[in-house]
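When a ligand or atom number is given, it counts from 1 through the structure's own listing order.
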Amino acid sequence: MSGSTPRRRLLPIISAPHPSGRSAMTCRFRCGDACDHAVPNQSGNEYFGDVVAKALSRRNVLRAGAVGAAAVGFGGLVGSAPAMADPGRGRGRGGGARLRFTPIEPTTADAVVVPEGYQSAVVVRWGDPVLPGAPAFDFDNQTPEAQNAQFGYNCDYVDFFPISDDRALLWVNHEYTNENLMFRGYVDGNEAPIEQIEIGMAAHGGSVVEIARSGRTGRWELVTQGRRRYNRRITAQTPMRFTGPAAGHELLRTAADPEGRNPIGMLNNCAGGNTPWGTILTAEENFNQYFVGGNGVPEADRPALQRYGISTSGDGRAGNRRFDRVEERFDLARHPHEANRFGWIVEIDPFDPTFTPRKHTALGRLKHEGATHALTRDQRVAVYMGDDERFDYVYKYVSRDRFRRGSRRHNSSLLDDGTLYVARFTGDSPEAEIDGTGTLPSDGEFDGTGQWIKLVEGDRSFVEGMSAAEVLIHTRIAADRVGATPMDRPEDVERNPVNGAIYVALTNNSSRTAAQADEANPRAANRYGHIVEIAEHRNDAGAERFNWRIPVVCGNPDDPSTYFSGFDKSRVSPISSPDNLAFDDSGNLWISTDGQPGSIGVNDALHVMPVEGSDRGYLRQFLSVPVGAETCGPFITPDQKTVFVAVQHPGEVDEATPDNPATQFPDGPGGQPRPSVVAAWHTGGGDIGN
Ligand code: FEO
Ligand code: CA
Ligand code: CA
């Protein structure tokens, strides 16, 4: 290993685990203690879904037969030509031929650990200069002005846009802030000096930074001198605009924006994706926690707030951050529509620092985890999205018009008008065989068929009693009404460039009971999560039907409830809480985790697993992150020589403070934990995983 040196651990690494597997501190700052509150989906949809599913299941199985039984449908994917953008070169065909690295042992070491023959190094960290003239980071003398020009806090989604062989732009989301670790003596947002709240607002959003290759290796470094013409900070206060059918709708209008078209800022941007025309899609996730005053909204408006986890009880002033002390729009008692202006997919052009970010209403309003595009067989743009909440749903958007290569002006309207779907998963095994233990049904697989249920097409609603704009703004409520399948926290959804299959990370759901187990979410009290693999009908991202199966039921391989596609469990690495996904150009699935410390007792990690051939299910750990951190990103560069991972919330361990940090990553002795993007590469110049 290399990169950072293991250091003395200052605190025990495992605090009282939350049901999510995270520290209680992470839960407080990340998602406003979502797991401590009632599940927002009180629709009882699982029961309705079951009823619908049973009615449909026989028909679906017959239809699946028409397109090939599930296994045949999946087998047929390999080698078929996905009619999608950038098909991989397919050297290994997902069979793992390239994966020759020696897996690392799961560890609690306070370091970035990589396999033998690899190195790692920090590319950019919280407080590094982004805009020319940004002051050097000074932990004890931070200011809002400095933070507005410096790299933000907790990095999550990472994307990479080459300028030349040795120059590129890096896009990074800044999901949330942890004021307990950013400021000495921080208590809460009620007592915090206003300046600290302003620093927190500036540390959200995202960054565009120019990076340069170091020599001829896979190492990349931040460019800190010169013009850096593309560098940009997006924050909670950046002017944006709405597009699509709900733009201008009454529910989006506020006193400051009576036309409902010009929202300000983005919050809690978690994962993301990009477009075939070279822009970023960044996903607003746990936006609910930034608002106060939910107890002061009219009674009739409360159910919609509650469905998104916004508190409507108590004194409404319990927020950690109290952004309303800086801008009163965050007080829903005064500005009840402001919360409707968050929870969107935001598009940003990394090559245009003057670009006004677009919140695309056609893609619905959720706790968006990410957004991954594919092209349909007829060249329309599909975007796959998860809604990260216990018992929430998986979505797909398909544009009305076709992508035209080279026609940026035309393509930039493709996310304004299309069809929004939500997924229903139907198992093919008898219900009695899905008992919540994870025991495979008698057909040997958790699998079945699925349907993309239409919610909106253009400005036409397919949900009774709701207009198209209402469906797009209150998308969760619309999906409840059409019998979508409640899932175990859908996180990243990614498409395999080699075989065209779609993979959904379901991170965990301790709240699912045995009675609620279904074939797509087969384990009760699912602490460790699983992954669902989707084969669209005819391998077409525009299809309305699909086959699915579960390649991995996560956990310690000793646990009989785990499953690794039948691969020898004695050879696989333990894994828990799959979160972000990526593929190398051989189609191997890379999986980063969020919650291993509290569930399987080791630091979060990056794993890789072939999805085809005899090594399907051979999951191996590639990398481990420092104490208290989760692994985000990951992003493998097009030349396959570098993997970037975001080391999010290092040192986020209960009771850690700046005076008693749980890690000093990345600066070492005397330093404070700083969320960072790290590059890892093969010292011999090999491809990642070789
Ligand atoms: Fe921000 Fe769902 O993780
Ligand atoms: Ca089955
Ligand atoms: Ca995530």
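- Of all N, O or S atoms in D579, the one lying closest to the Ca ion (ligand 3) is OD1.
- Contact annotation: C31 places no N, O or S atom under 2.8 Å from atom 1 (Fe) of ligand 1.
- Take the N/O/S atoms of E519: the one nearest the Ca ion (ligand 2) is OE2.
- The atom of D447 that is an N, O or S and sits closest to the Ca ion (ligand 2) is OD1.
- When you scan the N, O or S atoms of E491 for the one nearest the Ca ion (ligand 3), you land on OE1.
- Nearest to the Ca ion (ligand 2), among the N, O or S atoms that D428 has, is OD1.
- Of the listed residues (R523, H530, K569, E445), just one forms a side chain to side chain contact (heavy atoms under 4.5 Å, CB included) with Y563, and that residue is E445.
- Taking the ring centre of Y308 as origin, the terminal cationic atom of R365 falls inside the region bounded by 6.0 Å and 45° from the ring axis.
- Nearest N, O or S atom of E285 to atom 1 (Fe) of ligand 1: atom OE1.
- Of the N and O atoms on the side chains of N173 and N269, not one donor lies less than 3.5 Å from an acceptor on the other residue.
- Of the angles at the Ca ion (ligand 2), the one spanning O of E445 and OD2 of D443 is 110° when given to 10°.
- With a cut-off of 3.0 Å, the Ca ion (ligand 2) has no N, O or S atom of E433 in range.
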**Request:** Go through the steps to decide whether K367 and N288 satisfy the test side-chain contact (heavy atoms from CB on, under 4.5 Å), and finish with yes or no.
**Result:** CA-CA 9 Å; K367 289 190 182 178; N288 55 307; 3.3 Å; yes
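- Per residue E175, closest N, O or S atom to atom 1 (Fe) of ligand 1: atom name OE2.
- Residues passing the ring pair (Phe, Tyr, Trp, His ring centres under 6.0 Å) test with W590, sequence neighbours excluded: F622.
- Across all their heavy atoms, E630 and V625 have their closest contact at C-CG2, 4.1 Å.
- Inspection of the Q237 and T235 side chains reveals no N or O donor paired with an N or O acceptor under 3.5 Å.
- E369 contributes atom OE2 as its closest N/O/S atom to the Ca ion (ligand 3).
- Metal site remark for the Ca ion (ligand 3): E285 contributes no N, O or S atom at a distance under 3.0 Å.
- When only modelled atom types and interatomic distance are considered, D156 and Q648 share a side-chain donor-acceptor pair under 3.5 Å.
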